[in-house]
Number of protein chains: 2
Amino acid sequence: MLEKMKYCRSFEAGQTVIWAGDETSFVGSVVSGIATLTQTMEDGRSQMVGLLQPSDFVGRPGRDGAVFNVIAVSDLVMCCFRKKQFEDLVHSTPHIAQRLLEMTLDELDAAREWMLVLGRKNAREKIASLLSIFARRDASSSSNAREGRLEFDLPLTREAMANYLSLTLETVSRQISVLKRDGVIQLQGKRHVIVPDLDRLLIEAGDDDDGGMIV
Amino acid sequence: MLEKMKYCRSFEAGQTVIWAGDETSFVGSVVSGIATLTQTMEDGRSQMVGLLQPSDFVGRPGRDGAVFNVIAVSDLVMCCFRKKQFEDLVHSTPHIAQRLLEMTLDELDAAREWMLVLGRKNAREKIASLLSIFARRDASSSSNAREGRLEFDLPLTREAMANYLSLTLETVSRQISVLKRDGVIQLQGKRHVIVPDLDRLLIEAGDDDDGGMIV
DNA sequence: CGACCGATTGACTTGTCTCAAATACGGTGG
DNA sequence: CCACCGTATTTGAGACAAGTCAATCGGTCG
């Protein structure tokens, strides 16, 4: 059913997919590439409030105007549905509403966890937290899971990272240099990151889930 | 149907309603009082990630463990349902899942808007933003809507405000003093706030929706 | 009255921002 | 293949907003 309705749209890096305030006629999900959800103030200050990766859902069934800007960070392919049709489908297919609810609850948890990052972590921990997100994503999807060692490409520029972490790009750059100096990460070029020890990175991020007590 | 299942629980101010990590056997909504959603780090730093007011929903159908602490800030009455029963109801009544989805989307928007507050606003704007939330809530529910003038009681201590805004309580106190000195607000005692001009407050908060350009 | 808790205020420290300059990188055209 | 350009990034020096530590004040409750 969804298959029949869907169509694809492509966006170039830097292109705005949805403007805050605009009426959107479609919902969809990311097929490939990365996009950001951004909130902006009148004086130009802006804050990234979400990072959209493949399989993430975009749009809000039952809502008219978008609240945030959606911007393609890399070249982006989305799989879209006309909103009206999609909403009808939600009404006629209870299972879909439940699935959407689950996804939205996950996003809400992620947003709230990010509030802790923004509010209470220092610059070094913020960078480590962001790197952890990329690392985890790659750890699950790729094959390079050799005993805690990981590598991946940063999908964001320093500026975009700064915007997500609520820092300046200078501070991002400095803290990446410090983490490199301290051996938490290694760099190949500006974008390719090697994490020799994922646990170490997680501890640096301040979420030492694994119970790594620093006595 | 819901009526038959519901039961009430009361909590005293300061009491923890739900511990992060615990399995919760109920979902519910706030009847009266205020509660906070709080995220904590191992070293004790914590960040409030949500403020629960009357009519707000608590709990996550389909999820086992809670992710955040829920703490009663004032005396609190909640109307609860056993989670299992509620989930069955969600499955059998499509309309409920749709309603929950809408509420969750609203919460997600609110969380993301708060990320802008945490990430990009300075202390003065943060305080003004928080006061705006209380003011708006009271403006809609009460009768004191005399030409932009409003008054209300702060439901939170300075410490709790600091925790929500990601500031220290000293900074909260100082900025409240400054807003008072500048005539943006007046205080009666420590908790009762008078807002002579709501538009002014909104401008101070940085979200000048009304287009109030400061040339 | 005295103890206690929340709030205010002050003096000093510090992490991050700001402004500025230098450097590396990727792509383009000769 | 190389020189050149624009953009992304790094690095430095100084400024400033908010944090920290500490003292005081005010109200409330036993």
Side-chain angles (χ1 to χ4, degrees), chain A residues 12-14 34 36 41 43-47 73-75 117-131 153-182 185-193 204 206, chain B residues 12-14 34 36 41 43-47 71 73-74 117-131 153-182 185-193 204 206:
Chain A
E12 290 169 28
I34 301 262
T36 63
M41 286 170 72
D43 61 11
R45 280 177 286 180
S46 75
Q47 172 67 51
V73 168
S74 63
D75 288 341
V117 174
L118 291 180
R120 294 294 175 199
K121 292 190 179 179
N122 62 30
R124 182 187 175 106
E125 292 168 326
K126 284 182 176 181
I127 297 290
S129 299
L130 184 58
L131 293 177
D153 282 313
L154 290 172
L156 301 180
T157 65
R158 301 289 186 266
E159 188 177 13
M161 288 191 258
N163 188 234
Y164 200 14
L165 295 168
S166 183
L167 296 171
T168 58
L169 67 95
E170 293 95 330
T171 299
V172 170
S173 183
R174 271 186 256 270
Q175 293 300 328
I176 288 182
S177 297
V178 172
L179 287 175
K180 186 172 107 188
R181 189 200 61 200
D182 294 351
I185 58 172
Q186 293 158 27
L187 288 182
Q188 277 177 4
K190 303 299 184 185
R191 291 295 192 88
H192 192 76
V193 177
E204 291 289 349
Chain B
E12 289 169 28
I34 302 262
T36 63
M41 285 170 71
D43 61 10
R45 282 177 284 179
S46 76
Q47 173 67 50
I71 302 171
V73 168
S74 63
V117 174
L118 291 181
R120 295 295 175 198
K121 292 191 179 179
N122 62 30
R124 183 189 176 106
E125 292 168 326
K126 283 181 176 181
I127 298 289
S129 298
L130 184 57
L131 293 176
D153 282 313
L154 291 173
L156 301 180
T157 64
R158 301 287 186 269
E159 189 178 12
M161 286 191 260
N163 188 233
Y164 201 13
L165 295 167
S166 182
L167 297 170
T168 58
L169 67 93
E170 293 96 327
T171 300
V172 170
S173 186
R174 272 187 255 270
Q175 293 301 327
I176 289 183
S177 297
V178 172
L179 287 176
K180 186 171 107 186
R181 190 199 63 199
D182 294 350
I185 59 173
Q186 295 157 26
L187 287 182
Q188 278 176 5
K190 302 300 184 184
R191 291 293 194 90
H192 191 78
V193 177
E204 292 288 350

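Model, not experiment: these values are computed from the prediction. Within every chain, numbering begins at 1; the chains are lettered A, B, ... in the order of the sequence lines, protein sequences first and strands thereafter.
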> Which part of the nucleic acid does L169(B) contact within heavy-atom distance under 4.0 Å: base, sugar-phosphate only, or nothing?
Replying inline: base
> From dT9(D), dT8(C), dT16(C), pick the nucleotide closest to the side chain of L187(B)?
Replying inline: dT8(C)
>> Is the phosphate of dT16(C) approached by T168(A) (side-chain N or O, under 4.0 Å from OP1 or OP2)?
In response: no
> Passes salt bridge (Lys or Arg N to Asp or Glu O under 4.0 Å), E125(A) versus R45(B)? Steps please.
Replying inline: CA-CA 13 Å; E125(A) 292 168 326; R45(B) 282 177 284 179; 2.7 Å; yes
>> Between S177(B) and dT9(C), is there a contact of a side-chain N or O with OP1 or OP2 at under 4.0 Å?
In response: yes
> Atom CG of N163(A) and atom P of dT9(D): how far apart are they, to the nearest Å?
Replying inline: 14 Å
> Once you round it to whole Å, what is the distance between P of dT16(C) and NZ of K121(A)?
Replying inline: 14 Å
>> Let me confirm one number: the CZ-OG distance from R120(A) to S166(B), rounded to the nearest 0.5 Å.
In response: 4.0 Å
> Are K190(A) and D153(A) close enough for a salt bridge, meaning some N to O gap below 4.0 Å?
Replying inline: no
> Would you say Q186(B)'s side chain and K180(B)'s backbone share a donor-acceptor pair under 3.5 angstrom?
Replying inline: no
> Starting at CD of E159(A) and ending at C1' of dC25(C), how long is that distance when rounded to a whole Å?
Replying inline: 17 Å
> Between H192(A) (NE2) and dC25(C) (C1'), how many Å, whole number?
Replying inline: 17 Å
> Choosing from dA18(D), dA7(C), dT10(D), which nucleotide comes nearest the side chain of N122(B)?
Replying inline: dA18(D)
>> For a side-chain contact (heavy atoms from CB on, under 4.5 Å) check, start with the C-alpha distance between L154(A) and H192(A), then their side-chain angles and the critical distance, and finish with the verdict.
In response: CA-CA 6 Å; L154(A) 290 172; H192(A) 192 76; over 6 Å; no
> Less than 3.5 Å between a donor and an acceptor, one on the side chain of R174(A) and one on the base of dG12(D), is that the case here?
Replying inline: yes
> Between R45(B) (CZ) and dG19(D) (P), how many Å, whole number?
Replying inline: 13 Å
>> Please compare R120(A) and E170(A) by the position of their nearest nucleotide in DNA chain D and report the one closer to 5'.
In response: E170(A)
>> dA7(C), OP1 or OP2 - any side-chain N/O from R191(B) closer than 4.0 Å?
In response: yes
> Rounded to whole angstroms, how far apart are CG on L179(B) and C1' on dT8(C)?
Replying inline: 15 Å
> dC17(C) phosphate, OP1 or OP2: any side-chain N/O from T171(A) under 4.0 angstrom?
Replying inline: yes
> When the distance from CZ of R158(B) to C1' of dC5(C) is rounded to whole Å, what number comes out?
Replying inline: 13 Å
> I127(B) has an atom CD1; how far is it from atom P of dA18(D), in whole Å?
Replying inline: 10 Å
> How would you label the contact of T157(B) with the nucleic acid (heavy atoms, under 4.0 Å): base, sugar-phosphate, or nothing?
Replying inline: sugar-phosphate
